[in-house]
Participant: 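Here it is, the structure in full.
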Protein chains: 2
Amino acid sequence: MDYRAEEFPPFAVTVDVVALTVRQDELHVLTVRRGEEPNLGALALPGGFVRPDEDLPQAAARELAEETGVLDASAYLEQLGTYGAPDRDPRMRVVSVAYLALAADLPDPRAGGDASDSAWLPVATATAAPLAFDHAAILRDGVERARAKLEYSSLATSFCPPEFTVSQLRRVYEAVWGVALDPRNFHRKVTGTPGLLVPTGRSVVDGPGRPAVLYRAGSATALHPPLTREP
Amino acid sequence: MDYRAEEFPPFAVTVDVVALTVRQDELHVLTVRRGEEPNLGALALPGGFVRPDEDLPQAAARELAEETGVLDASAYLEQLGTYGAPDRDPRMRVVSVAYLALAADLPDPRAGGDASDSAWLPVATATAAPLAFDHAAILRDGVERARAKLEYSSLATSFCPPEFTVSQLRRVYEAVWGVALDPRNFHRKVTGTPGLLVPTGRSVVDGPGRPAVLYRAGSATALHPPLTREP
DNA sequence: ATAATAGTGTCTTTTAGACAATATCAC
DNA sequence: GTGATATTGTCTAAAAGACACTATTAT
């Protein structure tokens, strides 16, 4: 180290959240319209400064809760990466720790707060729009992380409510990956993975067709072997 | 955001590097002995403050070069994660961005510098020793990341010199995973993955036995399907 | 010649992927 | 009944794992 502790260069540290959910069989991301400069009025990811005595995941959960109005303990939260290019914020040197949040379909964001407007947007819409700062790169990385992790982990269940059917889980995969999966092979794969799904014993009917068995997520976190996107 | 830009709480930002290499068929990590308080004399990962106009990967590469004495452009560097618990450094609020570096067997670290002593230690030795700050967790995460990525990526070639044999590559897997692999099936797997290995046309003899063909790393970065640790 | 390592071929088991067939609902 | 969705079963192709066998070197 070439600096002594008393002479450390001060940085601002923020968290930004890529919050994903599946609505109407389509992957959506939580976005805000910036209520202040710079980039006033631009589309952005929810986020803000980390408080002096706050842990990083705690800050991410707080920012997410402030936007959704729901402190959803069921939401999955993992660190995505840290973005710290010297010029990423024109005001000062800001290092942002990005988090990836996955949740079952949440209610629409509440009004008010710093963000003058926040909403769930289809990911395709958000990636096509200009985003503030380097949020386009963060969003791209977050979506890619989610897509990759569905292959070899039980992460898809984080997009589902506490109890769900195999069809619901399959529709999550189809929405996140943007592909169609064979319902029969998918069913065999996920029900055949030990510890992934726990049957509740109950079934639900939704429209026509045979009732589907309700499952809860099991203790398994890894898929061995993985589900693959490409053949 | 509840803070305005002018009122942001100042943080110190550091980088820490988990530098891994394979020496004598064993996974090693680069460690330093701290030359100052706190934790003076304790074993730690190399790292230091990010400079005001320096990018994060650049800071990690600089710290690595300062310890190894070699600015090895061939070293693989990826962000591992960010560690920012409010009490992780007793002096002040420090957020550390950890990087994972993988390299072919490098020379022993040079003497001098802030770190009074730095050396390549077997990972088993380093994880058993008490490390400064939260470096034990960072090291554990780095090793686990490397282990996991060998499964589905071409990352193992980063542990090899520019030209290497299939045996060398296999010994990397065996050292990192701590398992024995069947040389014949391994050979078939890696040579059968398109774009992973490019034959140089030359061979090398090393001790008794048939000469081994020399390869360079190809353009493939993913292993589809993956090599699995557990059956 | 013997031992050691590199590389090829073969067999079995597992799993993915295609898809037929059955079960149970709404209408 | 008809159509839709859920679930099970069957077949085929690809790949992993076990391992016999050949190739080429040092000693």
Side-chain angles (χ1 to χ4, degrees), chain A residues 24-25 150-152 156 160 163-175 177 179-216 220 222-231, chain B residues 24-25 150-152 156 160 163-175 177 179-216 220 222-231:
Chain A
Q24 294 127 19
D25 295 338
L150 288 207
E151 290 198 20
Y152 55 91
C160 295
E163 299 193 344
F164 53 92
T165 67
V166 172
S167 286
Q168 280 180 277
L169 188 63
R170 175 171 49 82
R171 270 184 267 273
V172 166
Y173 274 91
E174 293 178 331
W177 284 351
V179 298
L181 299 177
D182 186 297
R184 299 159 291 184
N185 292 336
F186 182 86
H187 189 284
R188 180 159 45 88
K189 172 72 179 178
V190 296
T191 55
T193 299
L196 182 64
L197 300 180
V198 179
T200 63
R202 281 169 296 115
S203 308
V204 283
V205 289
D206 176 35
R210 175 169 166 178
V213 174
L214 272 178
Y215 293 89
R216 284 181 294 102
L223 253 51
H224 261 303
L227 259 161
T228 49
R229 282 179 278 182
E230 37 197 340
Chain B
Q24 295 127 20
D25 295 340
L150 288 207
E151 290 198 20
Y152 56 90
C160 296
E163 299 192 343
F164 53 90
T165 66
V166 172
S167 286
Q168 280 179 276
L169 188 63
R170 176 170 48 81
R171 270 184 266 273
V172 166
Y173 274 91
E174 293 178 329
W177 284 352
V179 298
L181 299 176
D182 185 298
R184 301 159 291 187
N185 291 336
F186 182 84
H187 189 284
R188 179 159 46 88
K189 173 72 180 179
V190 296
T191 57
T193 299
L196 181 64
L197 300 180
V198 179
T200 63
R202 282 170 295 115
S203 306
V204 284
V205 289
D206 177 34
R210 175 171 168 176
V213 173
L214 272 177
Y215 293 89
R216 284 181 295 101
L223 254 49
H224 263 303
L227 259 161
T228 48
R229 280 180 279 183
E230 39 197 339

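Letters A, B, ... are given to chains in the order of the sequence lines, protein chains preceding strands, and every chain is numbered from 1.
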Participant: Round to a whole Å and report the spacing from CZ of B:Phe186 to P of C:dT8.
Facilitator: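 Going from CZ in B:Phe186 over to P in C:dT8 covers 14 Å.
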Participant: May I have the distance from A:Leu169 (atom CG) to D:dT7 (atom C1'), rounded to whole angstrom?
Facilitator: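 Between C1' of D:dT7 and CG of A:Leu169: 16 Å.
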Participant: Does OP1 or OP2 of C:dA6 have a side-chain N or O of B:Thr191 closer than 4.0 Å?
Facilitator: no
Participant: Applying side-chain contact (heavy atoms from CB on, under 4.5 Å) between B:Pro183 and each of B:Arg171, B:Arg170, B:Arg188, report the one that passes.
Facilitator: B:Arg170
Participant: Remember a base hit wins even if backbone is also touched, and classify B:Ser167 as base, sugar-phosphate or nothing at under 4.0 Å, heavy atoms.
Facilitator: sugar-phosphate
Participant: I'd like to know if the side chain of B:Thr200 and the backbone of B:Leu214 have a donor-acceptor N/O pair within less than 3.5 Å.
Facilitator: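 Present.
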Participant: Using a 4.0 Å heavy-atom cut-off across all strands, classify A:Pro225 as base, sugar-phosphate, or nothing.
Facilitator: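 Contact class for A:Pro225: sugar-phosphate only.
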Participant: Answer yes or no: does a side-chain N or O of B:Ser203 lie under 4.0 Å from OP1 or OP2 of D:dT25?
Facilitator: no
Participant: Measure CG/A:Asn185 against C1'/D:dA14 and give the value in whole Å, please.
Facilitator: 14 Å
Participant: Would you indicate which nucleotide in C:dA4, C:dT8, D:dG3 comes nearest to any side-chain atom of A:Pro208?
Facilitator: D:dG3
Participant: Output the rounded distance in Å from CG (A:Leu181) to C1' (C:dA16).
Facilitator: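 So the two atoms are 12 Å apart, to the nearest Å.
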Participant: Could you state the atom-to-atom distance from NE2 of A:His224 to P of C:dA16 in whole Å?
Facilitator: 13 Å
Participant: Starting at atom CG of A:Asp182, determine the distance to atom P of C:dA21, rounded to an integer number of angstrom.
Facilitator: 16 Å
Participant: Is there a donor and acceptor pair, one atom on the side chain of A:Arg184 and one on the base of C:dA20, closer than 3.5 Å?
Facilitator: yes
Participant: Looking only at side-chain N and O atoms, does A:His187 come under 4.0 Å of OP1 or OP2 in D:dA6?
Facilitator: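 For D:dA6, OP1/OP2 do not have a side-chain N/O of A:His187 under 4.0 Å.
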Participant: Check whether any side-chain heavy atom of A:Thr228 sits under 4.5 Å from a side-chain heavy atom of B:Pro225, and report yes or no.
Facilitator: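 No, too far: nothing below the 4.5 Å cut-off.
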Participant: For atom CG of A:Asp206, is the number of surrounding heavy atoms from other residues, nucleotides or ligands below 6.0 Å larger than 12?
Facilitator: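 Counting neighbours around CG of A:Asp206, 12 or fewer heavy atoms of other residues, nucleotides or ligands fall under 6.0 Å, so no.
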Participant: Between P on D:dT7 and CG on A:Asp206, what's the gap in Å once rounded to a whole number?
Facilitator: 12 Å
Participant: Of the options D:dA18, C:dG7, D:dT7, whose atoms approach the side-chain atoms of A:Ala212 most closely?
Facilitator: D:dT7
Participant: Could you tell me whether a side-chain N or O of A:Tyr173 sits under 3.5 Å from a main-chain N or O of A:Ala156, the two making a donor and an acceptor?
Facilitator: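 Judged by distance alone, no pair lies under 3.5 Å.
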Participant: Side-chain N or O of A:Lys189 versus OP1/OP2 of C:dT15: is the shortest distance under 4.0 Å?
Facilitator: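 No, because none of the side-chain N or O atoms of A:Lys189 sits under 4.0 Å from OP1 or OP2 of C:dT15.
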Participant: Assign each of B:Arg188 and A:Arg210 to its nearest nucleotide of DNA chain C by heavy atoms, then name whichever residue's nucleotide is nearer the 5' end.
Facilitator: B:Arg188
